[in-house]
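Below is one structure, written out as structure tokens, with a few remarks after it.
Computed from a predicted model, the values in this text were never measured in an experiment.
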Number of protein chains: 2
Amino acid sequence: MGKQVTEMLKGTLEGIVLAILSGRPAYGYEITAWLRDQGFSDIAEGTVYALLIRIEQRGFVDVEKVPSEKGPPRKVYSLNAQGREYLEEFWRTWSFLAERLEQLRKGGR
Amino acid sequence: MGKQVTEMLKGTLEGIVLAILSGRPAYGYEITAWLRDQGFSDIAEGTVYALLIRIEQRGFVDVEKVPSEKGPPRKVYSLNAQGREYLEEFWRTWSFLAERLEQLRKGGR
DNA sequence: ACCACTATTCAGTGTTACTATGTACCAGTA
DNA sequence: TACTGGTACATAGTAACACTGAATAGTGGT
């Protein structure tokens, strides 16, 4: 999609994935497919997996290995209490930024 | 303000500054002060100056040195045609991201 | 002479997403 | 048996960007 999105995703992709997990548990391959479906056409698989490992190490998610009918076992991630707290902080930060951007767009300086 | 904002600003700060310049020409010190005023409390001066040099090298702005009543001369930046084009692309990218984020926030997965 | 404010610059660091590749498991088919 | 394709995860190296911290420099007031 271009470099602009790539840079903008820094910081927000993490929130996006946490938001997805707040709805229901999911695993990497599934998340990647969903993102592509939503128009994030060139998010690399490696990016998602790296991100998942990161949020696991920070303690935002619980992990469970679940056997798959097709292929190797899935690592299913679910948001825990700490993750929900962090997600709420993410939304506050996002709101702050989005409000200022909208003001700027509407001709404000 | 925390690391979350810092990461989220990657890619958007550039758009913010371009949007500011689309209103009227401005110089670094002024932009930094304005940002701090808007609640971006810990955007480093160095960050803004580096960004200005970057967008200058990409050809998005025209630069003019203007003597200041107090202190060294100002480098006044104004958005040129190429910059306006890039800014529009920025808004499209931002909209794309913002829409998906809002959907996610409203419980959609 | 010294300090505060204005104004710009730059070297070094950390974080994050991308590229590219490798590993591995399973089902269908020639 | 060997091959292909879809599923699923991992990782080393790279690029981009914002931050830290410091340096430089001009002006006015004490």
Side-chain angles (χ1 to χ4, degrees), chain A residues 1-18 25-36 40-58 60-61 63-77 86 90 93 97, chain B residues 1-18 25-36 40-58 60-61 63-77 86 90 93 97:
Chain A
M1 281 213 70
K3 206 148 51 82
Q4 248 183 9
V5 189
T6 292
E7 287 309 321
M8 256 189 244
L9 277 177
K10 292 186 182 178
T12 51
L13 183 56
E14 189 176 276
I16 290 172
V17 170
L18 291 176
Y27 55 97
Y29 192 82
E30 187 186 7
I31 295 171
T32 305
W34 185 86
L35 287 170
R36 296 225 168 111
F40 296 101
S41 45
D42 52 21
I43 284 185
E45 275 194 279
T47 299
V48 175
Y49 288 115
L51 193 158
L52 288 170
I53 287 171
R54 222 158 56 224
I55 62 178
E56 179 187 353
Q57 283 171 348
R58 289 202 202 147
F60 297 151
V61 288
V63 189
E64 198 190 352
K65 267 219 163 127
V66 177
S68 163
E69 318 87 48
K70 304 182 78 171
R74 297 166 174 163
K75 277 180 77 178
V76 176
Y77 295 82
Y86 187 80
F90 168 81
T93 305
L97 198 58
Chain B
M1 281 210 70
K3 204 150 54 79
Q4 248 185 6
V5 188
T6 293
E7 290 307 321
M8 255 190 243
L9 278 176
K10 291 188 182 177
T12 52
L13 184 56
E14 188 176 277
I16 290 172
V17 169
L18 291 176
Y27 55 97
Y29 192 83
E30 187 187 7
I31 294 171
T32 306
W34 185 86
L35 287 170
R36 296 226 167 111
F40 296 100
S41 47
D42 52 21
I43 285 185
E45 279 195 277
T47 298
V48 175
Y49 286 113
L51 193 158
L52 287 170
I53 287 171
R54 222 159 57 224
I55 62 178
E56 180 186 354
Q57 283 172 349
R58 289 202 202 147
F60 298 150
V61 287
V63 189
E64 198 190 353
K65 266 215 165 134
V66 178
S68 164
E69 319 88 45
K70 306 183 74 171
R74 299 166 174 163
K75 278 179 77 176
V76 175
Y77 294 83
Y86 187 80
F90 168 81
T93 305
L97 198 58

Q: Please tell me if the side chains of Tyr77(A) and Leu52(A) come closer than 4.5 Å, counting only heavy atoms from C-beta onward.
A: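 Sidechains of Leu52(A) and Tyr77(A): in contact.
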Q) Which of residues 26-33 of chain B sit near DNA chain C, with a heavy atom under 4.0 Å from it? A)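 Contacting residues: Tyr27(B), Gly28(B), Tyr29(B).
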Q: Respond yes when some side-chain nitrogen or oxygen of Lys65(B) is under 4.0 Å from OP1 or OP2 of dA7(C), and no when none is.
A: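 Indeed not, no polar side-chain atom of Lys65(B) lies that close.
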(Q) Between Tyr49(B) and dT8(C), is there a contact of a side-chain N or O with OP1 or OP2 at under 4.0 Å? (A)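 For dT8(C), OP1/OP2 do have a side-chain N/O of Tyr49(B) under 4.0 Å.
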Report the distance from atom [atom1] of [X] to atom [atom2] of [N], rounded to the nearest whole Å.
X	N	atom1	atom2	answer
Glu56(B)	dT8(C)	CD	C1'	12 Å
Glu45(A)	dA24(C)	CD	P	17 Å
Arg36(B)	dC5(C)	CZ	P	14 Å

Name every donor-acceptor pair, under 3.5 Å, that has one atom in a side chain of residues 63-71 of chain B and the other anywhere in the protein, sequence neighbours excluded.
from: Ser68(B); atom 1: OG; to: Lys70(B); atom 2: N; distance (Å): 3.0
from: Ser68(B); atom 1: OG; to: Lys70(B); atom 2: O; distance (Å): 2.6

(Q) So, taking the atom named CG in Leu51(B) and the one named CG in Leu13(B), what distance separates them when rounded to the nearest 0.5 Å? (A)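 Answer for the CG-CG pair, Leu51(B) versus Leu13(B), is 5.0 Å.
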Q: To the nearest 0.5 angstrom, please state how far the CD atom of Gln4(B) sits from the OG1 atom of Thr93(A).
A: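 So the gap between those two atoms works out to 4.0 Å.
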(Q) Across nucleotides 25-30 of chain C, 5' to 3', mark each nucleotide with B, S or - according to how protein heavy atoms within less than 4.0 Å reach it. (A) BS----
Q) Closest heavy-atom contact between Leu18(A) and Ile55(A)? A)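 That closest heavy-atom pairing would be CD2-CD1, 3.9 Å.
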Q: Mind listing the closest non-hydrogen atom pair of Gly28(A) and Val48(A) along with its distance?
A: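 Scanning both residues completely, I find the closest heavy atoms to be O-CG1, 4.0 Å.
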Q: Would you mind listing every side-chain hydrogen bond (donor to acceptor under 3.5 Å, both in side chains) that reaches into residues 6-18 of chain A, with sequence neighbours excluded?
A: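 Listed once each, the pairs are Glu7(A)-Lys10(A), Glu14(A)-Arg58(A), Glu14(A)-Tyr86(A).
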Q. Under a criterion of less than 4.0 angstrom to any heavy atom of chain A, what are the 5'-terminal and 3'-terminal contacting nucleotides of DNA chain D?
A.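 Going 5' to 3' along DNA chain D, contacts run dT7(D) to dC17(D).
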**Q.** the helix from dA1(C)-dT30(D) to dA30(C)-dT1(D): angle between end helix axes, five pairs per end, rounded to 10 degrees
**A.**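 Taking five pairs per end, the axes differ by 20°.
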Sub-3.5 Å pairs of nitrogen or oxygen atoms, protein against nucleotides 14-18 of chain C:
from: dG14(C); atom 1: N2; to: Lys10(B); atom 2: NZ; distance (Å): 3.0
from: dT15(C); atom 1: O2; to: Lys10(B); atom 2: NZ; distance (Å): 2.7
from: dT16(C); atom 1: OP1; to: Arg58(A); atom 2: NH2; distance (Å): 2.8
from: dT16(C); atom 1: OP2; to: Arg58(A); atom 2: NH2; distance (Å): 3.1
from: dT16(C); atom 1: O2; to: Lys10(A); atom 2: NZ; distance (Å): 3.1
from: dA17(C); atom 1: OP1; to: Leu9(A); atom 2: O; distance (Å): 3.2
from: dA17(C); atom 1: OP2; to: Arg54(A); atom 2: NH2; distance (Å): 2.5
from: dC18(C); atom 1: OP2; to: Thr47(A); atom 2: OG1; distance (Å): 2.6

Q: Mind running side-chain contact (heavy atoms from CB on, under 4.5 Å) on Leu97(A) and Phe40(B) for me, showing each step along the way?
A: CA-CA 9 Å; Leu97(A) 198 58; Phe40(B) 296 100; 3.8 Å; yes
**Q.** CA sep, side-chain torsions, deciding dist, call: Ile16(A), Leu9(A), side-chain contact (heavy atoms from CB on, under 4.5 Å)
**A.** CA-CA 9 Å; Ile16(A) 290 172; Leu9(A) 277 177; 4.3 Å; yes
Q) With sequence neighbours left out, what residues match Glu56(A) under salt bridge (charged side-chain N to carboxylate O under 4.0 Å, His left out)? A)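 For Glu56(A), the residues satisfying salt bridge (charged side-chain N to carboxylate O under 4.0 Å, His left out) (neighbours in sequence not counted) are Lys75(A).
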(Q) Holding to side-chain hydrogen bond (donor to acceptor under 3.5 Å, both in side chains), I want the full list of residues that pass it with Tyr27(A), two or more places apart in sequence or in another chain. (A)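 side-chain hydrogen bond (donor to acceptor under 3.5 Å, both in side chains) check on Tyr27(A) returns Arg74(A).
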Q. Who are the side-chain contact (heavy atoms from CB on, under 4.5 Å) partners of Pro25(A), not counting sequence neighbours?
A.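 Pro25(A) satisfies side-chain contact (heavy atoms from CB on, under 4.5 Å) with Val76(A), Ser78(A) only.
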